[in-house]
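Report on the structure given below.
A, B, ... follow the sequence lines: proteins, then strands. Residue 1 opens every chain.
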Amino acid sequence: MSDNITESTVPKNFIAAIIEKDNETGKYDGRVATRFPPEPNGYLHIGHAKSICLNFGLAKGFGGTCNLRFDDTNPSKEEVEYVDSIKEDVHWLGFDWDDRLFYSSDYFDQLYAFAVQLIKDGKAYVDSLSAEEIRKYRGTLTEPGKDSPYRTRSIEENLDLFERMKNGEFADGEHLLRAKIDMASPNVIMRDPALYRIRKVAHHRTGDKWCIYPMYDFTHCISDSLEKITHSVCTLEFENNRPLYDWVLENLGVYRPQQIEFARLNLSYTVMSKRRLIQLVEEGHVSGWDDPRMSTISGMRRRGYPAAAIRNFCERIGVAKATNMVDFALLEFSVREELNAHSPRYMGVINPLKVVIENYPEDKTEEFEFQNNPEDPDAGTRMVPFSKVLYIERDDFMEDAPKKFFRLAPGREVRLRYAYYIKCTDVIKDENGEVIELRCTYDPDSKGGGTPDGRKVKGTLHWVSVAHAKEVEVRLYEHLFTRENPMDNKDGSDFKDHINPDSLKVLPKCYVEPILGDVQPGFKCQFERIGYFCVDKDSTPEKPVFNRTSTLRDTWKKIEKKQNAK
RNA sequence: UGGGGUGUCGCCAAGUUGGUAAGGCAACGGAUUUUGAUUCCGUCACUCGCAGGUUCAAGUCCUGCCAUCCCAGCCA
């Protein structure tokens with residue numbers, strides 16, 4: 001279902017430069033091992049795609065490996081539904097972890113043993129202060145913390161307490177295993193960080209085997225070490241944690257990968273924090289994590305974004321350490337670029353206007369051969385039926401058309417793509433003055449869309465034969481949020497205030513080429529002229545879903561606006 | 001009033017051991033066009049957060065400011 005990745009070149013970014021240098025100095029004997037370590041507490045979004053492309057791309061580019069590891073150390077937030085979706089999304093993006101699928105929870109026994117080792121070395125202790133007391137003892141950003149009274153417990157007592165923690169003798173929050181580092185450290189993270197907490201919750205993989213769970217800072221570095229990762233790539237907010245990452249491995253005396261941080265992706269007028277994504281789903285603003293308007297990988301997949309487009313996008317935005325805000329237009333460009341090159345282009349009408357070709361025989365039907373994608377000869381051709389009565393897009397007709405309007409208007413001639421030139425001779429209206437039908441004549445000599453006399457026509461319309469077209473329900477998806485506001489929340493507004501109420505429009509009576517009635521899931525096509533494309537039908541198996549690209553919308557309005565401005 | 005990062009065109013982002021500012025998006029011109037799409041050509045930073053300094057020469061070195069992000073979960 002995913003596109004294939006055809007090329008694998010060495011990525012060009014500062015992390016690749018570090019790896020290159022390490023390869024030169026033989027730091028890891030030329031070995032390159034990365035990992036993508038999501039916590040299964042939600043669906044993957046476009047920000048994760050950056051990390052996936054980076055980690056798997058680095059591995060691929062240097063002939064190394066990239067593991068998929070679920071960082072599942074907090075059972076109260078994690079679910080198997082999430083691990084399944086994450087695996088699917090990574091695969092769909094075109095990456096493969098082969099047999100290197102790991103879970104932090106696989107290491108719980110080893111992690112426990114390492115914790116015992118630290119206790120035995122006098123480098124960890126069981127604290128019995130309450131959460132609130134611990135917070136007070138930690139000090140502030142500007143003031144040092146102070147030692148817990150339990151910091152000096154004997155090794156024996158610590159060992160005993162920790163084992164009893166594991167055996168479930170205490171309630172949640174009663175005790176906590178902490179590293180004994182420095183309560184006065186200017187780096188707050190180093191002020192005796194928590195290593196293990198009691199949490200009597202079932203884990204999605206280990207069930208109720210454990211009631212104590214290791215913290216991220218203790219787990220992540222050890223997992224990396226056990227998997228012999230060389231370059232542990234993560235986002236900037238973990239920079240403060242790196243000294244702890246190194247401290248744990250150094251004090252355990254085990255293999256030490258290096259942590260490298262990069263800036264996470266921010267996309268304009270888009271939310272990506274898991275908290276807000278969950279909110280959108282739970283409060284019903286969207287149909288689910290994979291709603292086509294979501295910034296999730298699965299949402300973009302349903303919206304028709306090709307995996308290659310997302311990969312190219314991640315390539316284009318680069319990898320650096322400066323906090324960024326990438327314009328959504330860059331993502332859209334990547335999508336259009338991919339669609340333009342590879343998706344079949346069909347015709348469809350979302351707001352039909354009937355056209356009767358008066359001089360065309362009543363019962364005649366012809367078929368015209370269309371190129372599926374004029375830019376891609378390998379895409380092949382298809383036959384499209386044509387007859388006397390057609391539908392065209394309502395926007396493609398204007399009764400009092402300005403000179404610059406190139407489409408159909410009374411007395412004007414246009415081309416029906418790959419079919420004939422037609423001229424509008426009459427406009428029929430209902431009692432309300434609404435245009436309900438156009439009477440036209442066609443030029444039989446213009447068959448195929450060209451004329452012997454070489455006369456030019458400015459407009460080319462898409463069309464559909466009423467007798468042959470499939471009626472479908474089209475869903476028009478726009479961006480979930482309005483594009484006027486940066487959503488920086490600096491004006492005190494909630495991100496939900498920026499939800500675009502018109503982001504989903506359901507159009508019941510639309511008409512498409514007959515061939516589209518058999519559209520398969522995962523099939524994408526771009527509509528001629530108006531730029532709609534079909535996306536998969538995962539959750540609406542009975543009806544095709546359509547979507548349009550942003551730059552092609554409201555074409556005439558844009559042109560008109562531009563001309564007025566002049 | 002602490003520590004750790006980052007500051008190159010509207011948005012991303014390259015800038016090698018100092019040698020005289022890549023590329024992409026957006027925008028704006030123009031050509032081609034059976035999608036007003038695509039494609040194509042052209043324009044778009046005398047300047048690199050600011051101020052000093054070193055040097056024949058600094059985005060790249062030094063000093064001092066300023067701005068901004070992250071850290072006080074028994075989250076990751």
query: Partner of rU16(B) by Watson-Crick or G-U wobble geometry, both contacts under 3.5 Å, or none?
result: none
- line: Note: contacts of residues 165-184 of chain A with RNA chain B (heavy atom, under 4.0 Å) are Gly173(A), Leu176(A)
message: Over all strands shown, is Thr235(A) touching base, sugar-phosphate only, or nothing at heavy-atom distances under 4.0 angstrom?
response: nothing
- request: Just name whichever nucleotide pairs with rU54(B), Watson-Crick or G-U, keeping both distances under 3.5 Å, else none.
  value: none
Base-pairing mate for rA67(B) - Watson-Crick or G-U, with both contacts under 3.5 Å: rU6(B)
- request: Scan Gly450(A) against the nucleic acid and name what it touches under 4.0 Å (heavy atoms): base, sugar-phosphate only, or nothing.
  value: base
- prompt: Would you say the base of rC70(B) and the side-chain of Asn240(A) have a donor-acceptor pair closer than 3.5 Å?
  reply: yes
query: Watson-Crick or G-U wobble partner for rA45(B), using a 3.5 Å limit on both distances?
result: none
- request: Identify whether any heavy atom of Leu141(A) sits under 4.0 Å from a base atom; if not, whether one sits that close to sugar-phosphate; answer base, sugar-phosphate or nothing.
  value: base
field: Side-chain touch Val464(A)/Val512(A), heavy atoms, less than 4.5 angstrom
entry: no
Stretch residues 211-220 of chain A: residues that reach within less than 4.0 Å of RNA chain B through a heavy atom: Met215(A), Tyr216(A)
statement: Of rA76(B), rA37(B), rG5(B), the nucleotide closest to the side chain of Glu375(A) is rA37(B)
